[in-house]
Structures are given as structure tokens and as C-alpha cells.
Amino acid sequence: MADTRAEHIAQLAELIKDVEVAMFTTVGVDGRLYSRPLGTQQVAFEGDLWFATAADSPKVAEIALNPRVNVAYASSSKNTYVSVTGRARIVDDRARIEALWSPPMKLFFPGGKDDPNLRLIHVRAETAEYWDGPGTLLGKALSFVLSAVQDGPAQLGDNGFVDLR
């Protein structure tokens, strides 16, 4: 039975929940890939990802030239890894900034939510691949034990690819 888009989104939302920082990759104006850590805005994941950026950041020019991006999430404590591809756009919407504003953002935007240099990056997720393994030491030990008593290796986790388009 095929999963619906809503089911895929719910599964991905659970996997990336509580991962505060993602690696955000763009294609630079020189054609090279550039990755940098960005704080994920804590909103319900419904197929869209939101990040704060500065209007004068190189990311803005990179996204204007090529909107295809990758956002990678990793939680070593949960042993969960997610790679999301999508299309990004720069958003200057003061109401959306107000809704997404959090006090830690003031570190990067001293003028607060009214900082004229503050912009948002909106990523519409298109595809995602995930790896979800046993997250605890006990879970890893159980997988190891199961491997020893079964004819083949135990399933060490779940890996999947989803198309969100």
C-alpha cells in the first residue's frame, strides 16, 4: 500500500523534530556546493522549511541563481538522519517573520524582528531520504544480539526515499 504525501510529511516531521540545526547546501555562483549550519525555525513541518538569513548573505544570490537546495538533519542521539531536497526562495514578509521570530535570533539580528536586513528562506521540500536506526545503546545492542542469533544480519534501522511533489 502506497503512503500518502501527508503520511510521508508526518513521518519526516517526527524524524526532524527537535533537530535545532540543519546543514543547508546551495549551489554557489561559481558552481560549487556550499554548506553551512542554519537554525531551523521551530514550526510544524508540513512540507515547508523556514530559515532566517541576512539580505546581504551570499545565500541570497546563490538562491536567486539556482533555487535547488539540500537541507540535511542529523541526530546522533536518536540515530536519525534526513536529507531533504527542494526549491528555495527568499521571503521578505514581516508578518511571517513575526510568526517565526524567537529570542535566540536576536544574536544574528540585533535589530530584532524589525531588523531591515532580516529575510527568510522558504524551502518547499520535493524529496527526502532518511535513515532511522535504533537510537539508544540498548537498541543498538539488541540489533547486534539479533544479528548473532539470526541467519542474516538484523535490520539495523529503516531507510527510505519519499517523493513529496
Side-chain angles (χ1 to χ4, degrees), residues 8-30 32-137 139-140 156-164:
H8 287 310
I9 287 173
Q11 180 182 22
L12 290 172
E14 185 60 31
L15 291 172
I16 65 175
K17 181 177 74 172
D18 302 326
V19 180
E20 295 178 9
V21 177
M23 290 301 291
F24 185 86
T25 303
T26 57
V27 178
V29 294
D30 59 2
R32 295 181 184 179
L33 296 176
Y34 289 92
S35 297
R36 73 277 284 165
L38 283 181
T40 302
Q41 301 311 307
Q42 296 300 315
V43 294
F45 176 66
E46 296 175 348
D48 296 319
L49 300 168
W50 292 91
F51 304 92
T53 194
D56 57 2
S57 164
K59 292 184 292 297
V60 172
E62 292 163 3
I63 290 168
L65 185 65
N66 185 342
R68 300 189 65 62
V69 298
N70 178 269
V71 184
Y73 293 88
S75 172
S76 58
S77 64
K78 293 192 307 187
N79 198 22
T80 299
Y81 307 89
V82 178
S83 177
V84 177
T85 63
R87 291 192 175 270
R89 66 186 178 99
I90 303 302
V91 175
D92 184 10
D93 176 341
R94 293 294 132 180
R96 176 68 70 164
I97 289 170
E98 172 80 31
L100 295 174
W101 180 260
S102 65
M105 291 169 66
K106 191 156 179 119
L107 220 105
F108 301 99
F109 300 98
K113 55 190 157 197
D114 296 321
D115 191 315
N117 200 33
L118 175 57
R119 298 293 185 277
L120 296 173
I121 300 171
H122 170 241
V123 177
R124 179 71 176 159
E126 293 179 346
T127 64
E129 187 166 9
Y130 64 90
W131 299 263
D132 187 22
T136 64
L137 188 55
K140 292 174 188 170
L156 290 178
D158 186 22
N159 169 242
F161 178 84
V162 293
D163 191 334
L164 300 169

Nearest non-hydrogen partners of Lys78 and Lys17, listed with the distance: NZ-O, 3.2 Å
Val19 side chain reached by Thr40 side chain, heavy atoms, under 4.5 Å: no
Evaluation steps, side-chain contact (heavy atoms from CB on, under 4.5 Å), between Leu38 and Val21: CA-CA 6 Å; Leu38 283 181; Val21 177; over 6 Å; no
Rounded distance (nearest 0.5 Å) linking atom CH2 of Trp131 with atom CG of Asn79: 12.0 Å
Interatomic distance, His8 atom NE2 to Tyr130 atom OH [nearest 0.5 angstrom]: 8.0 Å
Sole candidate of Leu49, Ile90, Val91 that passes side chain to side chain contact (heavy atoms under 4.5 Å, CB included) when paired with Ile121: Ile90
Asp115 CG to Trp101 CH2 distance, which is reported to the nearest 0.5 Å: 7.5 Å
Stepwise side-chain contact (heavy atoms from CB on, under 4.5 Å) test for Asp132 and Leu15: CA-CA 8 Å; Asp132 187 22; Leu15 291 172; 3.6 Å; yes
From CA spacing to verdict: side-chain contact (heavy atoms from CB on, under 4.5 Å), Asp93, Leu120: CA-CA 8 Å; Asp93 176 341; Leu120 296 173; 5.6 Å; no
Check: Asn66/Thr26 side-chain N/O donor and acceptor closer than 3.5 Å: no
Backbone of Pro116 reached by a side-chain donor or acceptor of Arg119 within 3.5 Å: yes
Exceeds 12 heavy-atom contacts within 6.0 angstrom, atom OH of Tyr34: yes
Check: Val84 main-chain N/O paired with Asn70 side-chain donor or acceptor under 3.5 Å: yes
Arg94 atom CZ, neighbour heavy-atom count above 12 within 6.0 Å: yes
Straight-line distance of Trp50 CH2 to Ile97 CD1, nearest 0.5 Å: 9.5 Å
For Ala55 against Val60, the heavy-atom pair lying closest together: O-CG2, 3.6 Å
Exceeds 12 heavy-atom contacts within 6.0 angstrom, atom CD of Glu129: yes
Contact summary for Val69 and Ala88, nearest pair of heavy atoms: CG1-CB, 3.8 Å
Minimal non-hydrogen separation, Phe51 against Val71, with atom names: CZ-CG1, 3.7 Å
Nearest heavy atoms of Gly28 and Glu62, plus distance in Å: CA-CG, 3.7 Å
Worked check of side chain to side chain donor-acceptor pair (under 3.5 Å) between Ser75 and Thr80: CA-CA 5 Å; Ser75 172; Thr80 299; 5.6 Å; no
Pair listing, salt bridge (Lys or Arg N to Asp or Glu O under 4.0 Å) test, anchored in residues 66-76, at least two apart: Arg68-Glu126
Closest non-hydrogen atom pair between Leu118 and Gly112, with its separation: CD2-O, 4.2 Å
Stepwise side-chain contact (heavy atoms from CB on, under 4.5 Å) check, His122 with Arg96: CA-CA 11 Å; His122 170 241; Arg96 176 68 70 164; over 6 Å; no
